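Input: a single structure, listed below in structure tokens.
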Number of protein chains: 2
Amino acid sequence: MTSRLGAIEFRHLRYFTAVAEARSFRAAAQQLHVSQPPLTRQVQQLEELLGLVLLERQPRGVELTAAGVVFLEEARNLLALADLAIDRTQMAAQGQLGRLDVGVYGSAVFDAIPRVIQAFRSAYPKVEVVLHNLDRAGQIKALRERRLTVGFNRFFVEEPDLVWDVVLAEALNVALPAGHRLVSRSQLTIADLSGEPLVVYPRTPRPSFIDQVLGLFHRRHLTAQVVQEVDDVVTAIALVSSGFGLTMVSDSALNLRLPGIVYRPLERNEALIDLCMIRRAEDDSALLRAFIDVVRKVLPQRPGNG
Amino acid sequence: MTSRLGAIEFRHLRYFTAVAEARSFRAAAQQLHVSQPPLTRQVQQLEELLGLVLLERQPRGVELTAAGVVFLEEARNLLALADLAIDRTQMAAQGQLGRLDVGVYGSAVFDAIPRVIQAFRSAYPKVEVVLHNLDRAGQIKALRERRLTVGFNRFFVEEPDLVWDVVLAEALNVALPAGHRLVSRSQLTIADLSGEPLVVYPRTPRPSFIDQVLGLFHRRHLTAQVVQEVDDVVTAIALVSSGFGLTMVSDSALNLRLPGIVYRPLERNEALIDLCMIRRAEDDSALLRAFIDVVRKVLPQRPGNG
DNA sequence: CGGCTGCGATACCGGATCGGTATCGTCAGC
DNA sequence: GCTGACGATACCGATCCGGTATCGCAGCCG
């Protein structure tokens, strides 16, 4: 890339623009708060660098040549764009401009995450937010490779270079087929589900939501009767509506309204399911801090380990 | 207009861009053929002027901050635009870029002028050509006020600060109603028209085409029987087609094809009508020179007074 | 017609700033 | 813990910038 810029500097543009607009070296010198000789010298140097005459010196001032007319317009443009560039850079430094890559996975995409993203978008409209559907392993890999800024997942193993926060504790609900006998109850307990056929998810990655659900039974020395393992909550709900059995979903998944499906809350002290946010420990960018602030404002907060 | 540019110069952008792209001060120094310390100093100064940190210095090189990512993009952009600005300025100096205001009037707009403009547009596609319909007085005024670069008209009085060239000598033709007795002749003379009712134009400005036509008769001691004076050639042709009489038109006007109108040429040695080009005597711009060259190439040329 | 005035260009000077060399502090890797 | 590579710093000479003083020139006015 061989540039024709040579040694032209913004100073040349500033000085030339002032002279061209004032149609006078002396008047421009006053406006710029410098004396007149430096203006003469800088404009001469600019003309020499361009190999062109930009101004016609005349007894009562200066006139623009055709090249001068064009260069004046270009110089004004460049100066204005340089100002904008500085503005944009300073906005970026304040986290108001840039790109935020967010990893998402699981049922939180149906409620909690959309609320967060919407709030962030309206608070920081010039930040481009990109969502990536990645499971936990994929999020961790992408975070390390800088392809992700934050990730949301149900829980995380400890990683030395990463930090996680629990940003939301959601209650659990049972999804039942419309005619099921438990539909008559307004609240359920884990014990109510003992012996009921269960559809569980996700099959991978492990450990994850599935293990938390099964743990609820084991902790109470109850037996979970798993009839089907599926990939995601949507498939699980579909199977429930087909009469395969019951399944457990977080509050976020209540937005998944399918015909023939009824949700009943689990008693709140029975179990809570965490939503976690993971990020690089050394990432102290203003953009990430701004995002975390929005998350804490939008979601009922709980302390993390970071 | 208070700029936030401060004392930022293109040098800062060039150096920062090189360092940011190479992710290394030393490597950038090699590419730029300078030593490493000046790079450190210029980047430090740039960061100080912006009040921001653009680079994170690390043991194995440098990483960009969020602000650095944005500023790198902006700086590249500015450097590329500066190059383009220089290109455009140099094109302007060569007459390849700019704006050409052309004054036109009379029947030449139907043939000679369109041919010139089309040739110029294809040779200088980045020059904006603007046509202005102005009579001779209007053209002279606009030329003096720099609103016009050149003007075309049928003939000009001498003006001290203006220069004119005859750029085309067109033959004359007679426009006849379809059933007229002279239609049977393939060529006509002025004498053939003696006693015929004539429609003449333009009423103003004077002197102009009308006076040249009437002069043809007076020179031969013939009588021109003027039945109607009108503003322009189009109106004259319309009256001819209505049977008012005959009228004289230049070659250019032969493109005006109306039903019921027949054109017959005047013998070539009977009369020629000039097309003149007028311009400022002191205008030696490359753009005007380029236009004159095109005119001379497109139109059969004759020497002018300039 | 000659002095005056206002313009840009030039000469020259002191200080700021640039780029160069040499060197330091620091962290990673063997 | 040594070594090597990186960026930062110290210092120096040369350049470049901006300032003052002055020149050359053209239009203006009495």
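Computed from heavy atoms alone, side chains included, the values below leave out hydrogens, waters and symmetry copies. Just so it is clear, the model here is predicted, and its values are computed rather than measured. In what follows, chains are A, B, ... by sequence order, proteins preceding strands, each numbered from 1.
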Distance-only donor-acceptor test, B:Q44 side-chain atoms vs D:dA8 base atoms, 3.5 Å: no
Sugar-phosphate, base or nothing in reach of B:Q42, heavy atoms under 4.0 Å: sugar-phosphate
Side chain A:Q58 and base D:dA26 donor-acceptor under 3.5 Å: no
Residue among B:V102, B:D101, B:L100 satisfying side chain to side chain contact (heavy atoms under 4.5 Å, CB included) with B:L131: B:V102
Donor-acceptor pair between B:Q44 and B:T40 side chains, under 3.5 angstrom: no
Nucleotide D:dC17, atom P - distance to CD of A:E9 in whole Å: 9 Å
Pair of N/O donor and acceptor under 3.5 Å linking C:dG6 base with A:R60 side chain: no
B:P37 or B:Q45, whichever maps to the more 5' nucleotide of DNA chain C: B:Q45
Quiz item: A:R26 side-chain donor-acceptor pair to C:dG8 base, under 3.5 Å: yes
From A:D165 atom CG to A:D274 atom CG, the distance as rounded to the nearest 0.5 Å: 11.5 Å
Sugar-phosphate, base or nothing in reach of B:R11, heavy atoms under 4.0 Å: sugar-phosphate
Distance (rounded to the nearest 0.5 Å) between B:F71 CZ and B:T17 OG1: 7.5 Å
Atom-to-atom span, CZ of B:R41 to P of C:dA16 - whole angstrom: 15 Å
